[in-house]
A.B. asks: 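Quick one: the structure is below, questions incoming.
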Amino acid sequence: MKNKKPLKIGVVGCGYWGPNLIRNFRQQNNCVMQICCDQDEDRLKRMKELYPEVETTKDYHELVEAGIDAVALATPVSTHYPLGMEFLKAGKHVFIEKPITRSSEEGLALIRQAKENNRILMVGHTFEYTAAVNKIKSIIDSGELGDIIYISSTRVNLGLLQNDINVIWDLAPHDISIISYLLEKNPVSVNAQGRSHYGKEHEEVAMTTMNYDNGTIAFLHTSWLDPNKIRKMVFVGSKKMLVYDDISPNEKIKIFDKGIEKPDYYDNFGEFQFSYRYGDIYIPKIDEYEALGAECGHFLDSINNNTTPRSDGWSGLRVVKIIEAANKSLRLQGLSVPVEYENEAR
Ligand SMILES: NC(=O)c1ccc[n+]([C@@H]2O[C@H](COP(=O)([O-])OP(=O)(O)OC[C@H]3O[C@@H](n4cnc5c(N)ncnc54)[C@H](O)[C@@H]3O)[C@@H](O)[C@H]2O)c1
């Protein structure tokens, strides 16, 4: 946006993730990374060492006084709603890290406030901005995989145990947002089972199943108690299969021309035979770029053009609804729980 004034950005939360947002906003052309905030003095000292030109404060109210246009929140989930609401009411555009809120009521309230004030509300579903996920989207949309029969996702590692949320709230927003973005569909029901061993309340390992109205099924294995760090998704289609390994540096996506052929006609059961196809495996080229940079740029473009972001408040709310249903199912030992979405127009 050449003719627009650069947008002034504030970031609240300079713990593990916030500094990545600060770094990426600094690299955008059409904005000034003006001020960052954290309650922890040491984190602010560190930010000052890294980015001397960025103002720092312990009090987030000072961001409004500093005249920012937009804020990005990288604070714990319990703070997303109160902070987001305060900044929206102050007339600021708001970017909130995933998950958007800790309840669907809070998410809906933020969406309504953003609408009332005509402000942009975006959620940090980072994977929707990765080159790999967008490549997979173009492959699925082209029909190369055929109908998606099932998806299996593994997002496991050792730690970091969180004391206010369970592993589904922490890790599954990524899988859910990726799958919703790719399929352009939301599950009608969810089942989940899990276990908490170290904490009393919050499951450290969980298996969530998402069921779609067309028969597609998605399994999400999330864990903080695993010896290996795995970030892998398998898409099994009626024509081909695709494996997405986010940790692999050069072979993130592999397409397997494998499948099962079912004969159209047969005269009797003796003649009924499936045949298994073992074809080529290929690795499509991906144009790598930093997803977070694309995500920050998209937020700024959405503000400048007054357009709806790809991962808007509604998409954040849908993820929260699915996680709420999964948590309900956890308490019911894995019974199926329907997911009900809002009817409000986007
Ligand atoms: N998109 C991604 O891939 C990704 C990755 C990691 C974390 N996250 C998300 O980012 C958010 C933060 O996670 P994290 O791992 O960085 O947490 P963290 O605990 O490392 O950092 C949070 C920081 O917020 C500060 N803080 C808390 N309340 C505050 C307040 N009221 N005012 C000012 N500062 C305050 C804390 O002092 C802390 O430094 C979470 O929502 C998390 O889910 C997203």
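Since the structure is predicted, the reported quantities are computational estimates derived from the model, not experimental observations. The basis for the numbers below is simple: all heavy atoms, side chains too, and nothing from hydrogens, waters or symmetry mates.
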A.B. asks: Glu290 vs Arg23, test: salt bridge (charged side-chain N to carboxylate O under 4.0 Å, His left out). Steps then yes/no.
C.D. replies: CA-CA 11 Å; Glu290 186 170 356; Arg23 178 172 54 78; 2.9 Å; yes
A.B. asks: Can a donor-acceptor pair be found, under 3.5 Å and without considering hydrogens, that links the side chain of Ser152 to the backbone of Val234?
C.D. replies: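 Checking the backbone N and O of Val234 against the side chain of Ser152, no donor-acceptor pair under 3.5 Å is found.
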A.B. asks: Just by distance, with hydrogens left out, do Asn228 and Asn157 show a side-chain donor and acceptor under 3.5 Å apart?
C.D. replies: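 Asn157 and Asn228 do not have a side-chain donor-acceptor pair below 3.5 Å.
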A.B. asks: Pick from Ile140, Ile139, Asp141: which one makes a side chain to side chain contact (heavy atoms under 4.5 Å, CB included) with Lys137?
C.D. replies: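 Only one of Ile140, Ile139, Asp141 forms a side chain to side chain contact (heavy atoms under 4.5 Å, CB included) with Lys137, namely Asp141.
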A.B. asks: From Asp175 CG over to Ser177 OG, what is the distance, rounded to the nearest 0.5 angstrom?
C.D. replies: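 OG of Ser177 is found 8.0 Å from CG of Asp175.
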A.B. asks: So that I can tick it off, tell me whether Lys239 and Glu144 are bridged by a salt bridge, with the cut-off set at under 4.0 angstrom between side-chain N and carboxylate O.
C.D. replies: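 Salt bridge: no.
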A.B. asks: Regarding Glu128 and His125, do their side chains bring together a donor and an acceptor under 3.5 Å, going by distance alone?
C.D. replies: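 Note: Glu128 and His125 side chains meet the donor-acceptor criterion.
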A.B. asks: Taking atom types as modelled, find out whether Asn211 and Ser189 have a side-chain donor-acceptor pair closer than 3.5 angstrom.
C.D. replies: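 Note: Asn211 and Ser189 side chains meet the donor-acceptor criterion.
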A.B. asks: Regarding Asp164 and Trp169, do their side chains bring together a donor and an acceptor under 3.5 Å, going by distance alone?
C.D. replies: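 No - no donor-acceptor pair under 3.5 Å links their side chains.
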A.B. asks: Could you state the interatomic distance from CZ (Phe256) to CZ (Phe235), rounded to the nearest 0.5 Å?
C.D. replies: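 Answer rounded to 0.5 Å: 13.5 Å.
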A.B. asks: Classify the ring geometry between Phe95 and Phe25 as parallel (under 30°), tilted (30 to 60°) or perpendicular (over 60°).
C.D. replies: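 The rings of Phe95 and Phe25 stand perpendicular, inter-plane angle above 60°.
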A.B. asks: So does Thr307 get a backbone contact from the side chain of Asn305, meaning a donor-acceptor N/O pair under 3.5 Å?
C.D. replies: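 Between the backbone of Thr307 and the side chain of Asn305 there is no qualifying donor-acceptor contact (under 3.5 Å).
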A.B. asks: Check whether Lys48 reaches the backbone of Thr56 with its side chain - one donor and one acceptor, N or O, closer than 3.5 Å.
C.D. replies: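 A pair under 3.5 Å: no.
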A.B. asks: Could you please spell out the steps behind the salt bridge (charged side-chain N to carboxylate O under 4.0 Å, His left out) verdict for Lys185 and Asp213?
C.D. replies: CA-CA 9 Å; Lys185 273 180 101 58; Asp213 60 2; 2.8 Å; yes
A.B. asks: So, applying side chain to side chain contact (heavy atoms under 4.5 Å, CB included) with Val77, which one of Arg102, Gln162, Lys98, Glu106 is it?
C.D. replies: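 So, applying the side chain to side chain contact (heavy atoms under 4.5 Å, CB included) to Val77 and each of Arg102, Gln162, Lys98, Glu106, only Arg102 qualifies.
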A.B. asks: So if you build clusters from Ile, Leu, Val, Met, Phe, Trp, Tyr with side-chain heavy-atom gaps below 4.5 Å, do Leu145 and Val243 land together?
C.D. replies: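 Different clusters: Leu145 never reaches Val243 through Ile, Leu, Val, Met, Phe, Trp or Tyr contacts under 4.5 Å.
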A.B. asks: Report the distance from atom CG of Leu161 to atom CG of Leu225, rounding to the nearest 0.5 Å.
C.D. replies: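 CG of Leu225 is found 6.5 Å from CG of Leu161.
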A.B. asks: Distance from Leu292 atom CG to His298 atom NE2, nearest 0.5 Å?
C.D. replies: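 That separation rounds to 13.5 Å.
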A.B. asks: Please say whether more than 12 non-hydrogen atoms of neighbouring residues, nucleotides or ligands are located less than 6.0 Å from CD in Glu201.
C.D. replies: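 No, the 6.0 Å shell around CD holds no more than 12 heavy atoms from other groups.
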A.B. asks: Roughly how far apart are Ile9 CD1 and Gln34 CD, rounded to 0.5 Å?
C.D. replies: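 Here the interatomic distance stands at 9.5 Å.
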A.B. asks: Between Arg277 and Asp257, is the salt bridge (charged side-chain N to carboxylate O under 4.0 Å, His left out) condition met? List the steps.
C.D. replies: CA-CA 7 Å; Arg277 196 180 67 259; Asp257 185 11; 3.1 Å; yes
A.B. asks: State which residue, out of Arg119, Lys115, Gln113, fulfils the side chain to side chain donor-acceptor pair (under 3.5 Å) condition with Asn117.
C.D. replies: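 Exactly one option meets the side chain to side chain donor-acceptor pair (under 3.5 Å) with Asn117, and it is Gln113.
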A.B. asks: If we ignore angles and hydrogens, is there a donor and acceptor under 3.5 Å between the side chains of Tyr244 and Asp246?
C.D. replies: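 Tyr244 vs Asp246: donor-acceptor pair found between side chains.
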A.B. asks: Is the number of heavy atoms from other residues, nucleotides or ligands within 6.0 Å of CD1 (Ile247) greater than 12?
C.D. replies: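 Yes, CD1 of Ile247 has more than 12 neighbouring heavy atoms, counting only those of other groups under 6.0 Å.
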A.B. asks: Any salt bridge between Asp287 and Lys285, counting N to O under 4.0 Å?
C.D. replies: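 So Asp287 pairs with Lys285 through a salt bridge.
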A.B. asks: Does a donor on one side chain sit under 3.5 Å from an acceptor on the other, for Ser311 and Tyr129?
C.D. replies: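 Ser311 vs Tyr129: donor-acceptor pair found between side chains.
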A.B. asks: Strictly by modelled atom types, are Glu324 and Ser104 linked by a side-chain donor-acceptor pair under 3.5 Å?
C.D. replies: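 On atom types as modelled, these side chains qualify, holding a pair under 3.5 Å.
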A.B. asks: With distance as the sole criterion, is a donor-acceptor pair present between the side chains of Asn134 and Tyr181 under 3.5 Å?
C.D. replies: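 Their side chains do contain a donor-acceptor pair, which is all the 3.5 Å distance test asks for.
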A.B. asks: Verify the distance criterion only: is there a donor paired with an acceptor across the side chains of Glu86 and His61 at less than 3.5 Å?
C.D. replies: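 Yes.
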A.B. asks: When rounded to the nearest 0.5 angstrom, what distance separates OG1 in Thr216 from OH in Tyr150?
C.D. replies: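 These two atoms lie 12.5 Å from each other.
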A.B. asks: Please answer whether the main-chain N or O of Thr75 pairs with a side-chain N or O of His80 as donor and acceptor at a distance below 3.5 Å.
C.D. replies: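 Here the side-chain-to-backbone pair exists.
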